[in-house]
Structures are given as C-alpha cells and as structure tokens.
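Each remark here refers to the structure printed beneath this line.
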Amino acid sequence: MSEIYSLKNVKKYYLAQKRGIIDAIVKVPKIYVRALDDVSISIADGNVIGVVGESGSGKSTMGKVMVTLETPTDGELYFKGKKVTKAEYPNIRKQVDMVFQNPATSLNPKMKVKDIVSEPLGHFDESAIKEVILKVGLAYDEVKDKQSRELSGGQVQRVAIARALMKRPELLVLDEPTSALDESIQAQVLNLLVDLQSEYKMTYIFITHNILVAKYISDYIVVLYAGKIVEYGPTSEVLSKPLHPYTQLLLSSVPTLDVKDVKPPIGDVPSLINLPQGCRFNPRCPFVMEKCRKEEPPLISQGQNYQVACWLYE
Amino acid sequence: MLLSIKHLNVWYNTVAGKYKVIDDLNLDIDQGELVSLVGESASGKSTLGQVISRMLPPVGITSGEVILDGVDVLKLSEKEMTKIRGTTVFMIFQNPLNSLNPVKRVEDQLMEALAIRNSRMNIQMTVEEARNEVIKALASLRLPDPEKIMIRYPHELSGGQVQRVVICMALLLRPKLLIADEPTTALDVTIQAQVVKLLKDLNKDTKMTIIFITHDVGLAYVLSDRMLVFYAGRVMEQGQTVEVVKNPLHPYTSGLLASIPSSPKHTGKLYSIPGSPPSYLSLPAGCKFAPRCRFAFERCFQEEPSYIKKDNRLIRCWLYE
Ligand SMILES: Nc1ncnc2c1ncn2[C@@H]1O[C@H](COP(=O)(O)OP(=O)(O)OP(=O)(O)O)[C@@H](O)[C@H]1O
Ligand SMILES: Nc1ncnc2c1ncn2[C@@H]1O[C@H](COP(=O)(O)OP(=O)(O)O)[C@@H](O)[C@H]1O
Ligand code: SF4
Ligand code: SF4
Ligand SMILES: [Mg+2]
Ligand SMILES: [Mg+2]
C-alpha cells in the first residue's frame, strides 16, 4: 500500500501565556507548551490509524496539524508524497477533513441540519445532502429542518460525520467520535464508520481514549505520551503484547470484562512546559535505568512498521 | 442492614409535565458492600443517589421508604438531615468541582471536613494534629507534594487532582455510606484506575459501604461486588457482579454487554440494541424494554413484570416467571 500522508519531525509549540508589553521589554523569556514534540510517522493509504494516549498528550493537536488547521512550529508534512506548504493548504483541506471532539459544541446549535451538512460544499445541493444524510443512517425528512440542539448525542455525531463526508475526503481525522455516546449508540456509529470507510476507500486517523474502541476499529496504533510517539505498530501486536512500558501501564488501567482488576501507573502526566530530562516517561517507569534519566530514546525499529521509543529495545 | 429501600417511587414535576423516573425500587445494602449502579444515560441512576443523600432538587417528589442507618431519610427535616450528612452519607459528583468550594483553599476545606468528623465523634485534636492527619490522608491518595496542593484553590488543580481531593474528604469524614456518581467520567483511564484502586482499598480497609454509579459496565465489573442494572427508571436486573456480567439474564443486560467491542472489526459487525430508549413522558405500556426486546411476546406489551427471583437474582422480565 502506498503512503498517503507523512509527518517528519513535526513540532507544535503553543505559547503558554499571553505576554504583556512589559514582559517583552524586560525580556521575560517566552514559555512554551510542547503539545507535539518531534513527531514522525508515515501513514499508508486505506488504513485506520488509532491514536491513543492520556488527556493532553497531543492527540487533537496532531489531528489539527494534519488538516492544516494548525501550522507546525517546525518539521514537514507530506500529502501523497508532495510537501505541504502554506500555499497548498486550501488544496489539502479539500482532501483531508476532521470531525471534531464534542460536535455538540463545535456545530452551530441554531443551524438547521441541512445547512450544517451543505456548508462545506459552498452551495446547496439537495440531492447530495440527502444522500450523505441517508448514508449516516438518519431519516432525511425527519432531521433536515431540525437544529442541532434538537438532536440526541448519537444523531449530532452522525450529522458531524455527514458534514465531513460531503467533500469526499481521502483522509478523515475523527477526534473522539464516540466518547460522548452510550455503548449501544457507540456500536451503531462504529459500524457506520467501518462501512463508510470501505465504501469511500478513506484513510482514518481515529483519536480515542477508549482502548476497546481502538482495538475494534484500527489497523495500526499510535501511542502518544506528552507530545511524543512512544509506540507505533499493528493493532494486533501493540494492544496484545505492548512493548513500551507506558503502553503496558495504559492497557492495564483499562477496565475490561476479562480481568477483575486494574493496575494504574503511579504519578501524573508531566507538565509540557517542564519535561523530565531524558526519557519523558522515566519518573513513572517501573524499568527506569541510568541512561533513561540522561538521554531521550529515539524511535527504534522492531520489525516492519513497528517502532518503539524505549532504551529497553535498543 | 445499613440501607433498606422499600417501594421507592420518584417523580419529577416539571413544566413539561409530571413523570415517574424511579418505579418501585427495592434494595437492601449491608455494611461493607460495594454496589454499582449501571445503565445508559437518563436511566435514573443519579436520581437514586440524590434521593438517598437527600440532594434531590425541589421538583423531585418521592414515595416509599429509604431507611439509612435506622432512620427513614425521606421523613427527616432538612435540619435533621444536615446532622447526618457527611458522616452517615456523603456523595461525590461527576463534576468534582461541584463538591468543592471554589473560593476556599484545599487545606481549609479538608480541615473543615475533619472538624465535622471530630465534633460528631467527640474527638479532640490540636490544629497541628489535624493538619498532620490531613497531610497523611492526601499522601495516602498518592498525590505528589501534598503540602503544595493544600495551599491551592480547586481551580488550580487538574481534574484528577480535584477528584482525589474530594475522595480525601470522604477519607477524613469516614461516612458510613459513600455514593460516588460517575466520579471518573471526566478523567483519563490511568487516573480513573488510580481512583478505582483507592475506592476498593477504602472499602476493604475501612469497611466503608460504597454505591458506585457509572454507565461503564467494564468499570463496574472491576470495582463492585454487586450490580444493579437500570433501564427507564427500573432496576431490570440485580445480583452478584460476576454472575450478572458472566451470565446476564435480562435481555437488556445481555444487549448492553454484547455492544461492548471485544474483537477486531474483521470479525464482524458490533451488536447494538435496536431502537432508542423511551421518553419518560410517553413510556410504553407493559415492559418498558419491550419495543426493543427480541424476545418480547404478547404479555410483555400489556403487563409490566415485577421482580422475579431466580438464582440469587432479581429480574424484571416475564421470561423468568
Ligand atoms: N490553542 C492552544 N493554545 C495553547 N495550548 C494548547 C492549545 N491547544 C492545545 N494546547 C495544549 O497542548 C497540549 C496537547 O493538547 P491536545 O488538545 O492535543 O491534547 P489531547 O491529547 O487531544 O487531549 P484530550 O484527550 O484531553 O482531548 C495540552 O497541554 C493543551 O493544553
Ligand atoms: N432536576 C431535574 N428536573 C427534571 N428532570 C430531571 C432532573 N434531574 C434528572 N431529571 C430527569 O430524570 C431522568 C433520570 O435522570 P438521572 O437520574 O440523572 O439519570 P442517570 O443518572 O441514569 O443518567 C432523566 O430523564 C432526566 O432528564
Ligand atoms: S526509556 Fe527507560 S524510562 Fe523510558 S520507558 Fe524505556 S525503560 Fe522506561
Ligand atoms: S418482559 Fe418481555 S419484553 Fe421485557 S425484557 Fe422480558 S422478554 Fe423482553
Ligand atoms: Mg483532544
Ligand atoms: Mg447521572
């Protein structure tokens, strides 16, 4: 399969606080939040890439950078082998789209469903709108004139997906598309996404907190920790015998119906302003070694399409 | 018996009309039990928690008995309730900030909680002793730098830290019954797992009785000894957690369990219960689950099943009569 998108050493730093004019005059140093810190990944066409990690690990930022809603502080993006420059952004946005976390708040609550869905197109094409609304499993005549605040959580999520499908994107970033839903509706939305992906031959970047959902839908898994990829590989391997100590602890924190226990890691996620020296997971790592406190591990290859950033696998 | 609920019914009287959100609920909980309430959104879980802790808003109307530690809390005046709130029953909310006072430092709020406990138990403590007790409690929750956390205001803490401060409050108050309403929904799985461990330890070490409310069946499985499955204001199934999860009897319970993803997509589509939950304003006649139930037969649409006992379980389903 060919590569559809790649990130090369991408960094996204946000200014942690607004600086007043006095701060600039007296040269108070700028403080940055390192939301994405040197991320490199190559994504093959037609796959579902699950992105997992704790809150603040940079999942949404990675999605926003890929759809060019955020410009990287450093590093390069390539779409189908072609470098993504600022001049290319409008073109990229036609082919790469994103369904945002919390559609209930990201969609205009007073807009009618048919207008929400047709907006990306720039003009009103009823038959096209009707087609995608039916595709996502909603009754067109029932919902077309409703405002999004009049819909249930599952319906709002479907409308957000329908809107993204209007442009027939080749790559779709889905940010936590099911986390606000109950299990039964979550199952419906996941089934829908799987069908749409094979019908439209899309690539998904599927961001989620929910490991069971990631396990169901993804072909590959990216594990982010404090702005960095710590493990990347086929879902069946990463989620059944994870290599990175963080992935292991993340998985044993997930309640399942198999084991009646959870084993959480100690401590909290580090501040993205003051990261620990060396490996950024070292203060919480049960296997920490001398070297880990000094040098940051790079991504080390573990066979085809499998990489892990940990000195244990050097 | 610490808690005994008999024939509890709850209505909300709103502009949209008066509707019943809990129907004939019966529940006995012994001292030291860890019970979970599961079920989808709006099934009535939080309402039950609010009834027991007497936090139901004025639009709520109740009938029946809720006997907690020997007294019917539904019959207590607000003044009498204030005397037992905190040490007899304490409730933690989904949004932990609702449990803390935003304009008071963590230290002051925790010291207050300990003072309430001490005055009700007639325990004398110096300020120094009390402060040490609070620090000890915070440290036992594995909050790094307890002294630093104590001088902060709630909004200066992360969600996980706030929730642990609230649990610390419970630790200091030592209520006989702790009701935790989705306390981890806003948290990361790793912090959720830390909170789950804490609650389990609290239950084991101090025999604190806990009611844990969640819509996450996996979480309820890991945590609880006994489970109540809610649907449309009814407890559809009640039994030992392991038995309910491994061998669900009620069709709603089995549907809920079946829709949790457990294998990769190439093995097939996920099961999902057809249809959607009913509105309380227009509940179906008969069994409330009948329009979505694949086993429904004629009687189900006419008569609502009451509790039927089978293998240590209570089930509201005609299949088990
Ligand atoms: N516009 C912004 N300005 C400043 N900081 C930001 C901005 N957007 C994100 N951040 C910070 O970047 C980091 C990564 O945020 P991001 O939203 O990517 O996390 P996430 O992994 O999606 O988390 P969640 O699971 O909570 O959605 C966080 O520390 C966040 O506070
Ligand atoms: N204060 C209130 N006023 C009116 N209706 C309410 C109130 N609180 C809850 N309800 C309604 O009661 C039903 C049960 O709610 P709740 O107990 O919060 O369910 P759960 O906790 O299971 O999600 C829902 O239909 C909800 O909208
Ligand atoms: S590099 Fe060292 S500290 Fe980091 S995860 Fe590996 S063993 Fe742990
Ligand atoms: S009573 Fe009938 S409709 Fe209700 S759950 Fe049982 S079989 Fe289904
Ligand atoms: Mg996010
Ligand atoms: Mg609730």
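Throughout, a chain's letter reflects where its sequence line sits, starting with A, and its residues are numbered from 1.
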Looking at chain B, which one of [options] has the largest number of heavy-atom pairs inside 4.5 Å, strictly under?
options: Asp195(A), Asn191(A), Leu250(A), Ile217(A); answer: Asn191(A)
options: Gln188(A), Lys263(A), Gln186(A); answer: Gln188(A)
options: Ile266(A), Leu239(A), Val48(A); answer: Ile266(A)

Is it the case that [X] and [Y] place a side-chain donor and acceptor less than 3.5 Å from each other?
X: Ser253(A); Y: Gln192(B); value: no
X: Tyr225(A); Y: Glu231(A); value: no
X: Ser46(B); Y: Asp181(B); value: yes

Look at Thr267(B), Val189(B), Ile191(B) and state which one has the largest set of heavy-atom pairs under 4.5 Å with chain A. Val189(B)
Please state whether the side chain, the backbone, both or neither of [X] comes within less than 4.5 Å of a heavy atom of chain A.
X: Leu187(B); value: neither
X: Ser263(B); value: backbone
X: Val245(B); value: side chain
X: Ser224(B); value: backbone

Taking the cut-offs as 6.0 angstrom to the six-membered ring centre and 45 degrees off its axis, would you call Lys260(A) and Tyr221(B) a cation-pi pair? yes
What orientation do [X] and [Y] show, parallel under 30°, tilted 30 to 60°, or perpendicular over 60°?
X: Tyr246(A); Y: Phe281(A); answer: perpendicular
X: Phe289(B); Y: Tyr252(B); answer: perpendicular
X: Tyr280(B); Y: Tyr19(B); answer: parallel

Below 4.5 Å from any heavy atom of chain B, which atoms of Gln197(A) appear? Answer side chain, backbone, both or neither. side chain
Bottom line for Asn210(A): the part with an atom under 4.5 Å from chain B's heavy atoms is neither
